[in-house]
Amino acid sequence: MELVPAEPLGSRYRDTGIDADTTFRYWKSELHRPQVLVWTGRRRVATVLDERRPDGSLVLSGAATADGPGGGLADLRPDGRLALAFRADAGRLRRGRLVPLFSTDYRIDHRRGRIEVRFPLARGEERTHPLPEPVAARLDCGVLFGRPQRIAVTRLSPYGGEFSTEDPGRCLAPGMTVTIDSWLPWLGRWRLTAQLTACREDATGVRFAFRTVDRRSVRAGAVVLAGTVPGFGFDALRSAGVRPARMTRYLSVRTVADEAGYRRALDVRLAGNRHFGRLAGVDDSREVADRLDPHSVNFVCLLGDKAVGAGRVVVNGGDRSLSEIEAGTAGLPVHIWRGGFVEVSRLAVDPEHRGAGVVVALFREIARLAFNLDCRYLVLDAIDKLVPVYRRLGGERLPLAKAHQYSGETVHVMAIDIGAQLGRLDRRWPQWQYVFGPVLDHHLRTSPPEALTGRVRGLGVVPFWLKRIVGRAL
């Protein structure tokens, strides 16, 4: 059998004027020529993607007709608005789930049967937020046919963003619909369905701009921003159609263990007081630190990477000099000193993240610490508007009042009797159960229960175990 020599790689382009050094690039591009639908009126014209240039412009070839190469392009108006969509997304177009990409910057070459179309990269950039750190993600789409790419999302808004990638084969192009998959430690997996709108290529890689194409992706982008970008608070979350209550599951509380964590707690402490008109002249959050912080367990409530709440529990160990309330009033009752207590103070919530369970997360941490420290009472002070809130948690007003440490306004001293609340069912039980029930069940499963069960006597055992069972369900 006679062997026929293989055709040289560049022989196919001998009459095209293509330089031999670029032959391989053109040959490679022919392996990836998805069909693109373009139109300026009602009639759509089928073209193929020939090239994506470094400036992000696309070169499309029209189908050959009896009128010559690219004869179908004659139906396009050179002065209209060009609509573009990839054939792979035709189903989304028919169902109304995708809007084509439009451009007024295009040129039709009827002689060569080509269209050159450009898309501005800066479109919508002012409405996106730069992420503190690029988020690694996986990008895939139908055009890539099982060849996902690694990307790094650098800017984001609920309605779009930017990412960078190497894209060595220039396989991605504006107009494609893609799926962006990523994972964050505090959030887990999140996904965006997006349409690429523009790109630019340089020595470091390629930057793509995109816009989200469905409601689910808008909500996912808003949730990522709420836990990542400073300044994107719950008002912005509501604007994107996400209820702040949905973020409760992503809240976590951390005990301050280093200087950086302590500074974050002070920042929230300062911001929370400014919301109520206090400390207006304080610029450095270190000025709100005080002498009791070293004798306290300070903690921070986090939403993703952002500190949204803070507080502390002062552990006095029976030392009256370590009680702010003792020093500012006529003195706490003797039975509270005998029973043992911790003093709750400096509770603060970031003004942009109020009303989504931050206070509940803080009080659950307070209860956890109190159970572990084997204290009977939680002692705290409250302004008038917070007294009803603490009453629902079992707090009772003591015949004591003091001046607020920052504003001088009158605050009321309250105490929560943990022992009494464990063996009691009353009209406050649902609120108490919601806040403290999960903590009670956790403590009984992970620590010796005698410290708590020893405080419940007689018929109080029945409410105690009922509270534990309901707490486990919560």
Side-chain angles (χ1 to χ4, degrees), residues 129 132 157-158 186-187 219 221-254 256 261-280 282-283 285 288 298-313 344-368 378 380-393 395 404-407 409 411-412 414 416 430-432 434-436 438-439:
H129 303 269
S157 82
W186 62 272
L187 177 62
R219 291 194 293 265
V223 170
V224 173
L225 289 168
T228 306
V229 175
F232 193 95
F234 287 163
D235 288 341
L237 200 65
R238 293 186 187 94
S239 299
V242 180
R243 294 183 296 108
R246 182 183 176 185
M247 306 302 296
T248 302
R249 72 186 79 173
Y250 305 123
L251 295 173
S252 62
V253 180
R254 298 288 185 269
V256 170
Y262 181 51
R263 183 61 185 269
R264 298 182 80 182
L266 294 180
D267 289 342
V268 176
R269 188 184 297 180
L270 176 59
N273 278 279
R274 281 181 170 173
H275 178 71
F276 290 100
R278 311 177 191 126
L279 303 175
V282 177
D283 296 324
S285 62
V288 299
N298 288 274
F299 44 87
V300 179
C301 181
L302 301 175
L303 173 58
D305 301 323
K306 297 159 57 177
V308 298
R312 74 179 184 188
V313 168
V344 181
S345 59
R346 304 301 187 266
L347 290 180
V349 178
D350 183 79
E352 295 181 344
H353 299 86
R354 301 180 67 86
V358 178
V359 173
V360 173
L362 293 175
F363 263 95
R364 284 177 175 171
E365 178 66 9
I366 292 167
R368 187 188 72 85
L378 295 177
L380 46 85
D381 53 42
I383 58 177
D384 289 331
K385 66 182 298 184
L386 293 180
V387 169
V389 177
Y390 295 151
R391 280 189 182 279
R392 288 194 292 269
L393 299 179
H404 193 279
Q405 64 274 10
Y406 297 138
S407 64
E409 60 187 308
V411 293
H412 307 281
M414 304 185 71
I416 300 176
Q431 290 84 0
W432 188 97
Y434 176 72
V435 177
F436 297 127
V439 188

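What you see is a predicted model, and the numbers here were worked out from it, not measured in a lab.
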Q. Is there side-chain contact between Leu347 and Ile366, with heavy atoms separated by less than 4.5 Å?
A. yes
Q | Residues forming a side-chain contact (heavy atoms from CB on, under 4.5 Å) with Arg263, sequence neighbours excluded | A | Asp267, Asp284, Ser285, Arg286
Q.
Nearest 0.5 angstrom please: Ser345 OG to Gln405 CD, how far?
A. 7.5 Å
Q.
Using 0.5 Å steps for rounding, measure from the CG atom of Asn273 to the OH atom of Tyr406.
A. 6.0 Å
Q) What are the two closest non-hydrogen atoms of Val300 and Ala307, and how far apart are they? A) CG1-CB, 3.6 Å
Q.
Determine whether a donor-acceptor pair (N or O, by modelled atom type, separation under 3.5 Å) exists between the side chain of Lys306 and the backbone of Val229.
A. yes
Q: State which residues pass salt bridge (charged side-chain N to carboxylate O under 4.0 Å, His left out) with Glu365; sequence neighbours excluded, sorted by chain then number.
A: Arg368
Q: Return the minimal non-hydrogen interatomic distance between Arg269 and Val288, and the atom names on each side.
A: NH1-O, 3.1 Å
Q: Starting at CG of Leu303, measure out to CE of Met247 and round the result to the nearest 0.5 Å.
A: 4.5 Å
(Q) Quick check: closest heavy atoms across Val387 and Met414, and the distance to 0.1 Å? (A) O-CE, 3.9 Å
Q | Pairs involving residues 381-390, ordered by first then second residue, that meet salt bridge (charged side-chain N to carboxylate O under 4.0 Å, His left out) (sequence neighbours left out) | A | Asp381-Lys402
Q) How close do Val224 and Thr228 get, heavy atom to heavy atom, and via which atoms? A) O-OG1, 2.6 Å
**Q.** Distance, nearest 0.5 Å, that separates OH of Tyr390 from CG of Leu380
**A.** 6.0 Å
Q) Of all residues at least two apart in sequence or in a different chain, which pass the ring-ring contact (aromatic ring centres under 6.0 Å, His included) check with His275? A) none
Q: Can you see which heavy atom on Leu362 is nearest to which on Cys301, and at what distance?
A: CD2-CB, 3.8 Å
Q: Would you mind reporting whether Val253 and Leu302 have side-chain heavy atoms less than 4.5 Å apart?
A: no
Q: For residues Gly395 and Ile416, report the shortest heavy-atom separation together with the two atoms involved.
A: CA-CG1, 3.6 Å
Q: For Arg264, enumerate each residue passing the salt bridge (charged side-chain N to carboxylate O under 4.0 Å, His left out) test, keeping only those at least two apart in sequence or located in another chain.
A: none
Kindly list each side-chain donor-acceptor pair under 3.5 angstrom involving residues 231-244, sequence neighbours excluded, with atom names and distances?
residue, atom, partner, partner atom, Å
Asp235, OD1, Arg238, NH1, 2.9
Ser239, OG, Asp235, O, 3.1

Q. Considering the options Val439, Val359, Leu251, which one meets the side-chain contact (heavy atoms from CB on, under 4.5 Å) requirement together with Arg364?
A. Val439
(Q) In the structure I gave you, are the side-chain heavy atoms of Asp305 and Trp186 within less than 4.5 Å of one another anywhere? (A) yes
(Q) Please report whether the ring centroid of Tyr434 lies less than 6.0 Å from that of Phe363. (A) no
